Each structure stands twice: as structure tokens, then as C-alpha cells.
Amino acid sequence: MRVKPISGFPEHLPADCLAEQELIRQIRTQYELYGFSPLETCAVERMDVLLSKGDMGRQIYGLTRAAEDDSSTDMGLHFDLTVPLARYVVQNAGQLVFPFRRYQIQKVWRGERAQKGRFKEFYQCDIDIVGRQSLDPIYEAEVPAIIDSVFSALKLPQHIIHVSDRRIWDDFAATFDIAADRLPALLGILDKTHKVGVEKVREELSQLGFGEQPVTVAMNLIACHDIASASAVLSEAGVPTTSLELLSETIENANRFGCPASAIRPDFSIARGLDYYTGTVYETFIDGYLKWGSVCSGGRYDNLTEIFGGQKFPGVGISIGLSRLFSLLKQEDLIQSEASSPAVVLVTMLDKNNYFDQYLNLARELRGAGIPTEVYFGKKGLGDQISVADKRGIPFALIAGETEFANQQFKLKDLAKSEECTGSLAELISQLQTHAATNRARFVLSGK
RNA sequence: GUGGAUAUAGCUCAGUCGGUUAGAGCGCUGGAUUGUGGUUCCAGAGGUCGCGGGUUCGAAUCCCGUUAUCCACCCCA
């Protein structure tokens, strides 16, 4: 049987796995700094739950076997982490403390044509804050501040969080008597302006029956990138600016949380998810890499649990598209995976026959001191052993033979500096612990 | 899901008009160097030319199908 990759299901070599896991660790650390609890939900959901968000049917991977197992209920893999959260919250509402703050880092699956930075299986790193009956709008400002913290901590090139608010377009639609369900079509076409040009957009919109005045106002609005000019456009057209003021407050509050004004900006062209978001919406881009699309999106949704009945659970959340982000960093050469092994030291074996147990003891001591350690068990000479450490990216080699064991003075070689020092095991351990290598980055980020 | 481009060694790629035994660099293996890697020098291994079929005396090269990758849509992280 021939083996080959499956389209859209990426796999990494160890060095990239290590780098990606390190990104996840840093994201998790930031999420926990903001007091979010971890959550993992099952990969499988009932199909009617998955379809509760809207028309995602074409993207869902259905499961044949699961349906056979469980009475005839159709099942599928989750395509995001928000729908499982909504189901989970309704199911466990009695035992959760609200507002419920959780983060969730898991793979999701979407049956779309794979492309660069677009996969069928990928990681999402979600945070959401879910209230019971109500949710203070302050959380709509906290979310972008958290994302700013995460991206700043990752030391990526500058990120820009684009924000808008669905209610601004609701006001717009009410003013011009446009049905709410026609908004996505309107924005979808408007968003293509920079590609197809103003004339083409006007033509398409007029074919769809949008009047000339609303189209002009809408085009003027999406051209705005600050509150003041947007306010002017809306006022002149007679559209209420109350929702715009809410967005303005949200941005100001995000600034108070520590998200600098340079990292967050209004963008009225965001058309994403307008069918289920009910308030603020977010899309995050890496400056200079707009072609890669949004690496982190979300918004406020008041009605996501509507279909399950019972109480309302309004929420606000956002998701980092980790697989896309990592793929961007790699392909744009913004990240270099440094090592294929997490080990900090390789215990070499000069004299396996006489000191085998002693080598194992050295390793045990090192690991006991919290130093990730690999022992060389091959049959090659010292030069090749050091070479193995080098190829794996292990920064140190511990060298011991007859003399060293006799004196209990061992050699520690720093491969990068090609320097060697001698000392007792305790001395070498403390050197390894204080050395930056123990907490060394598993990748190097360039930029910023 | 629709349309298009691409596929040669582990990697990056050459390969003329369809013509004998498909090449290079890097990497890999061995040696110079049996207690010290990276540099250098020498030698070597490694290919169903993505896969399947067709045309032809003869196919990496032309045709069809298929799979993967990339691009544009759709949509989205």
C-alpha cells in the first residue's frame, strides 16, 4: 500500500510540532492570566446541534459509524468551538458560575477545499465569556484587549484588530427599509470593492434591488476607518448613531484595558458571521500580511442558545486560527523551528561496558532536577554522539569516562559555543538550570 | 463544491525536437579522524520521473483519467 498525504490535513515534523506546541503553551498562559478555565468538549456533536448556528451543512464532516451506534441520530465533527460551547453551557448551566469564562484549544474540521493557510483540520484557540440572561458590554472590550495581550506576548509582527458592530448595520437597514437578512449579501458585495471596483459593485447591488442612496451611504461608511468620519456619514444620511457610539465606547474601554489605539480600529466592511453575531465583531490581521486573511475572529452573540430553548445565554468570544497563524509564520519565514527535541542535554556514553548504570544515574539526577535529558544508547563514537545532539538541537552534551567517574568531575559541552567546563554533577546541574537553555525558546521569531 | 496551473532523489531544482545508462547542489552513509560535532578532502548509496491507462519502434517529455499541492471563486481561522 502506498502512503500519501490527505488534502487539508497537515502534519508536521518534530521541530515544527515543538514550535506549534510552544505557541499553544504561550496562548494558554495568556488566557489563564485573564482567568479563563480550560474546557474540552467531544469532537462529535449531534447534527441538529451543529446546524443550530446556520447553514454550515456543506462544511460538516458527518460520521457514519456514530450514527449506527447511537439510535439513528446523525452525528458530525464540530466545525468550530462556539457551537459545542453553547450546547455545553445549556447542558451544564446549573453547575457553572456565570459569567462563565472558558478557553478551549482543539482541532476543528471543515469540509472545504484546502489552500495555503486554509485546512480541513486545524486548531482553534477560543475564549468566550457567557452570561446568564444578560452580559455586560464591558466584556466586548475585554476580548480585544486579551487578544492584544496574546499577540503582543507572542512577539509577532504588529497585529491589528478590526472591529465593527452588527447593530450599526441594523440601524442602517432600518433607516433605508432593508430587510435584515439582506445585509450579508450587501456587505459581501461591498467588501469586494477593492477587487472589482466601485462601478461593478454598484451594478451588482442595483441588480439585487438595493437603492442608489443606501448603496452610496454604505460605500462611504466602509471607506471610514475612524469613528468621527463614520459618524459624519451616518448623520448626514439620517441614520441613528447610537450603535456607532456603543462601538466607540467599546474601543475606548479596550484602550483602558491596555489595548493600544494602534492595535484596534473600526472597520465597517466586516461581513463575517453577521447572521448570528448581534453586537461587536472582530477580525485580526497581521500587519503586512493581509493576504493571509484574518488569524483571529469573533464577536458577540446573544441568540446562540436560542434553538435549545430555556434561558438566554448571551456570549462574546473570539478564536485564534492557530494553524493558519503558524502556517503564515512559517511560510513568511517569521518563525524558525530550532530543535526537534525538547532535551537540554544529551548524556553521551564513552564506556558503555563499565559504566552503564552510572550513565543512567546521571540521567536520573538530571531529570530529577527538572532538566529534560536524553541518553545516547547507540554504538557510535563520541564525535557522532555529539553530532546527534547537534542535529536534534540539544544544546549540551554531558561527557563522562573512566577519569570523570573516578573523580566525580564531569564535562559539560556547550555545543553552540564549542566550550567545555568541568564540575561535579551538582555544579553542572545548577549551571544547566540557570542557563537560558532550560527555558529556551523552541523557535526564534523575527520581526518587531 | 466550481474553474485553472503544477507534480523529476530526503530537500531545492535542471532535463533541448519524443531517442541509448535521467543529472546538479544541499542533505544522507562510509573514510581521512577508536575521548569531541559544525569546516575541508575522498568515496558511496539513494529514482516505480505522483499514480493508472493510452498513443508510439521508443514516453520524464504527447493524450486521457486520478490523487496531492498551489491559485482564483464560494466561504471562512
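Just so we're clear, the structure is a prediction, and the values are computed from it rather than from any experiment. Chain naming here is simple, since letters A, B, ... match the order of the sequence lines and numbering starts at 1 in each.
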S.K.: Less than 3.5 Å apart, any donor N or O on the side chain of A:Q408 or A:S424 sitting next to an acceptor on the other?
M.R.: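 No.
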S.K.: Suppose you measure atom P in B:C49 against the same atom in B:G10; what distance do you get, rounded to whole Å?
M.R.: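 The answer is 12 Å between these two P atoms.
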S.K.: Starting from C1' on B:G35, measure out to CG on A:L382 and report it in whole angstrom.
M.R.: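 From A:L382 CG to B:G35 C1': 5 Å.
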S.K.: Classify A:E420 by what it touches in the nucleic acid, base, sugar-phosphate, or nothing, heavy-atom distance under 4.0 Å.
M.R.: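 It contacts base atoms.
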S.K.: Using a heavy-atom cut-off of 4.0 Å across all strands, would you classify A:Q331 as base, sugar-phosphate, or nothing?
M.R.: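 Answer is nothing: A:Q331 stays at 4.0 Å or more from every strand.
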S.K.: Can you tell whether the side chains of A:D74 and A:R46 come within less than 4.0 Å, N to carboxylate O?
M.R.: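 Judged by the 4.0 Å cut-off on N to carboxylate O distance, A:D74 and A:R46 do not form a salt bridge.
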S.K.: Can you list every pair that meets side-chain hydrogen bond (donor to acceptor under 3.5 Å, both in side chains) and has a residue in residues 345-354 of chain A, with sequence neighbours left out?
M.R.: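 Residue pairs passing side-chain hydrogen bond (donor to acceptor under 3.5 Å, both in side chains), neighbours aside: A:D351-A:N354.
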S.K.: Please measure how far the P atom in B:G52 lies from the corresponding atom in B:U20, and state the result in whole Å.
M.R.: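 About 23 Å, rounded to a whole number of Å.
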S.K.: Name the nucleic acid region contacted by A:G117, choosing base, sugar-phosphate or nothing; use a 4.0 angstrom heavy-atom cut-off, strictly under.
M.R.: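 Counting heavy atoms under 4.0 Å across all strands, the contact made by A:G117 includes a base.
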S.K.: Provide the distance between the two P atoms, one in B:U69 and one in B:U8, to the nearest whole Å.
M.R.: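 Looking at atom P only, B:U69 and B:U8 are 14 Å apart.
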S.K.: Determine the interplanar angle of the A:F176 and A:F172 rings, folded into 0 to 90°, and report it as parallel if under 30°, tilted if 30 to 60°, perpendicular if over 60°.
M.R.: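 Because their plane-to-plane angle lies in the 30° to 60° range, the rings of A:F176 and A:F172 count as tilted.
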S.K.: Go through the structure and list residues passing side-chain contact (heavy atoms from CB on, under 4.5 Å) with A:L246, not counting sequence neighbours.
M.R.: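 Checked A:L246 against side-chain contact (heavy atoms from CB on, under 4.5 Å); matches are A:R167.
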S.K.: Report all interatomic pairs (protein N or O, nucleotide N or O of nucleotides 65-67 of chain B) with separations under 3.5 Å.
M.R.:
none

S.K.: Have a look at A:F119 and say if it touches a base, only the backbone sugar-phosphate, or nothing, with a 4.0 Å heavy-atom cut-off.
M.R.: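 A:F119: base contact, heavy atoms under 4.0 Å.
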S.K.: Figure out the CD/C1' separation between A:E112 and B:A72, and round it to whole Å.
M.R.: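 For the pair A:E112 CD and B:A72 C1', the rounded distance is 15 Å.
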S.K.: Could you tell me how far B:U40 sits from B:G25 if I compare only their P atoms? Round to whole Å.
M.R.: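 Pairwise P distance, B:G25 against B:U40, rounds to 14 Å.
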S.K.: Can you see which heavy atom on A:R87 is nearest to which on A:E45, and at what distance?
M.R.: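 For A:R87 and A:E45, the tightest heavy-atom pair comes out as NH2-OE2, 2.7 Å.
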S.K.: Rounded to the nearest Å, what distance is computed from the CD1 atom of residue A:I399 to the C1' atom of nucleotide B:G37?
M.R.: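 Rounding to the nearest Å, CD1 of A:I399 and C1' of B:G37 are 10 Å apart.
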S.K.: Using the P atom on both, measure B:C70 against B:A32 and round to a whole Å.
M.R.: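 These two P atoms come out 45 Å apart once rounded.
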S.K.: So what does A:E283 hit on the nucleic acid, given a heavy-atom distance under 4.0 Å: a base, only sugar-phosphate, or nothing?
M.R.: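 The answer is nothing, as A:E283 stays clear of every strand by at least 4.0 Å.
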S.K.: Between the protein and nucleotides 5-10 of chain B, which nitrogen or oxygen pairs are less than 3.5 angstrom apart?
M.R.:
none

S.K.: NA contact type, A:G8, heavy-atom cut-off 4.0 Å: base, sugar-phosphate, or nothing?
M.R.: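 It contacts sugar-phosphate atoms only.
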S.K.: Looking at the side chain of A:I386, which of B:G35, B:A77, B:U36 is the nearest nucleotide?
M.R.: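 Nearest to the side-chain atoms of A:I386, counting from C-beta on, is B:U36.
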S.K.: Report each atom pair, protein N/O against N/O of nucleotides 27-34 of chain B, whose distance is under 3.5 angstrom.
M.R.:
none

S.K.: Got a donor-acceptor contact below 3.5 angstrom from the A:S152 side chain to the A:D148 backbone?
M.R.: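 Yes, the answer is positive, given that a donor and an acceptor are paired below the 3.5 Å cut-off.
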S.K.: Any N/O pairs under 3.5 Å between the protein and nucleotides 41-44 of chain B? List them or say none.
M.R.:
none

S.K.: Got a donor-acceptor contact below 3.5 angstrom from the A:S418 side chain to the A:L415 backbone?
M.R.: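 Such a contact is absent between A:S418 side chain and A:L415 backbone.
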S.K.: Determine the interatomic distance between P on B:A59 and the same-named atom on B:G19; round to the nearest Å.
M.R.: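 Between the two P atoms, the distance is 11 Å.
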S.K.: Look at the side chain of A:R324 and decide which nucleotide, out of B:C76, B:C73, B:G1, has an atom nearest to it.
M.R.: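 Nearest listed nucleotide: B:C76.
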S.K.: Pick the P atom in B:A22 and in B:A60, then give their distance to the nearest Å.
M.R.: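 Straight-line distance between the two P atoms is 10 Å.
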S.K.: Kindly point out which of B:C74, B:G37, B:A77 is positioned nearest to the side chain of A:R118?
M.R.: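 Nearest nucleotide to the side chain: B:C74.
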S.K.: Say whether A:Y103 and A:S37, considering side chains only, have a donor N or O and an acceptor N or O under 3.5 Å apart.
M.R.: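 Result is no, nothing qualifies.
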S.K.: Ignoring hydrogens and angles, tell me if any N or O in the side chain of A:Q433 forms a donor-acceptor pair with the backbone of A:A369 under 3.5 Å.
M.R.: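 Checked: pair present.
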S.K.: Could you check whether A:L325 gets within reach of a base, just the sugar-phosphate, or nothing at all, counting any heavy atom under 4.0 Å?
M.R.: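 No contact.
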S.K.: For A:C296 and A:A114, find the nucleotide of RNA chain B closest to each by heavy atoms; which residue's nucleotide sits nearer the 5' end?
M.R.: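 This one resolves to A:A114.
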S.K.: Tell me: CD of A:Q115 to P of B:A68, nearest whole Å?
M.R.: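 Rounded to the whole Å, the gap is 15 Å.
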S.K.: Quick test of your reading: applying side-chain hydrogen bond (donor to acceptor under 3.5 Å, both in side chains), list the pairs with at least one residue in residues 287-307 of chain A, sequence neighbours left out, ordered by first then second residue.
M.R.: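 Listed once each, the pairs are A:D128-A:Y301, A:E140-A:R300, A:W292-A:E332, A:S294-A:S297, A:R300-A:D302.
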S.K.: Can a salt bridge be assigned to the pair A:E112 and A:R118 using a cut-off of 4.0 Å between side-chain N and carboxylate O?
M.R.: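 Salt bridge between A:E112 and A:R118, a charged N being under 4.0 Å from a carboxylate O: yes.
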S.K.: Answer yes if the ring centres of A:H159 and A:F285 are under 6.0 angstrom apart, and no otherwise.
M.R.: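 No, they do not, as the ring centres are separated by 6.0 Å or more.
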S.K.: Name the nucleic acid region contacted by A:G381, choosing base, sugar-phosphate or nothing; use a 4.0 angstrom heavy-atom cut-off, strictly under.
M.R.: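 It contacts nothing in the nucleic acid.
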S.K.: Dot-bracket notation for RNA chain B is requested: 5' to 3', Watson-Crick or G-U wobble pairs only, both distances under 3.5 Å, with ( ), [ ], | and . as defined.
M.R.: (((((((..((((.....[...)))).(((((.......))))).....(((((..]....))))))))))))....
S.K.: Using a strict cut-off of less than 4.0 Å between a Lys/Arg side-chain nitrogen and an Asp/Glu carboxylate oxygen, indicate whether A:R101 and A:E142 qualify as a salt bridge.
M.R.: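 Looking at A:E142 together with A:R101, the answer is yes, because their closest N to O distance falls below 4.0 Å.
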S.K.: Can you list the residues that meet the side-chain contact (heavy atoms from CB on, under 4.5 Å) rule with A:Q124, with sequence neighbours excluded?
M.R.: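 Once residues adjacent in sequence are excluded, the partners of A:Q124 under the side-chain contact (heavy atoms from CB on, under 4.5 Å) criterion are A:D80, A:L81, A:V108, A:R110, A:F122, A:D126, A:S319.
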S.K.: Taking the ring centre of each residue, are A:F405 and A:Y359 less than 6.0 Å apart?
M.R.: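 Centroid separation for A:F405 and A:Y359: below 6.0 Å.
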S.K.: Which part of the nucleic acid does A:T403 contact within heavy-atom distance under 4.0 Å: base, sugar-phosphate only, or nothing?
M.R.: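 Counting heavy atoms under 4.0 Å across all strands, the contact made by A:T403 includes a base.
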S.K.: Sorted by first residue and then second, give each side-chain hydrogen bond (donor to acceptor under 3.5 Å, both in side chains) pair with at least one member in residues 198-208 of chain A; sequence neighbours left out.
M.R.: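 Checked against side-chain hydrogen bond (donor to acceptor under 3.5 Å, both in side chains) - neighbours excluded - the pairs reaching residues 198-208 of chain A are A:R202-A:T216.
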S.K.: Is it true that the NZ or CZ of A:K120 lies under 6.0 Å from the centre of A:F9's six-membered ring and within 45 degrees of the ring axis?
M.R.: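 No, cation not above the ring by the 6.0 Å, 45° rule.
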S.K.: Would you please name every residue forming a side-chain contact (heavy atoms from CB on, under 4.5 Å) with A:T403, sequence neighbours left out?
M.R.: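 Applying side-chain contact (heavy atoms from CB on, under 4.5 Å) to A:T403 gives A:N407.
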S.K.: If you measure from the C1' atom in B:G58 to the same atom in B:U66, how many Å do you get, rounded?
M.R.: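 So the two C1' atoms sit 25 Å from each other.
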S.K.: Under 3.5 Å, is there an N or O donor on one side and an acceptor on the other linking the side chain of A:E404 and the base of B:G35?
M.R.: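 Side chain to base: pair present.
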S.K.: Please confirm whether A:H225 and A:F268 have ring centers closer than 6.0 angstrom.
M.R.: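 Between A:F268 and A:H225, which both carry aromatic rings, the centre distance is not below 6.0 Å.
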S.K.: Quick one: do A:T280 and A:V143 satisfy side-chain contact (heavy atoms from CB on, under 4.5 Å)? Show the steps, please.
M.R.: CA-CA 10 Å; A:T280 318; A:V143 162; over 6 Å; no
S.K.: Between the protein and nucleotides 38-40 of chain B, list every N/O to N/O distance that falls short of 3.5 Å.
M.R.:
residue: B:G38; atom: O6; partner: A:S418; partner atom: OG; Å: 2.6
residue: B:G38; atom: N1; partner: A:L415; partner atom: O; Å: 3.3

S.K.: Using whole Å, report how far CD1 of A:I270 lies from P of B:A77.
M.R.: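 Distance check: A:I270 CD1 to B:A77 P gives 11 Å.
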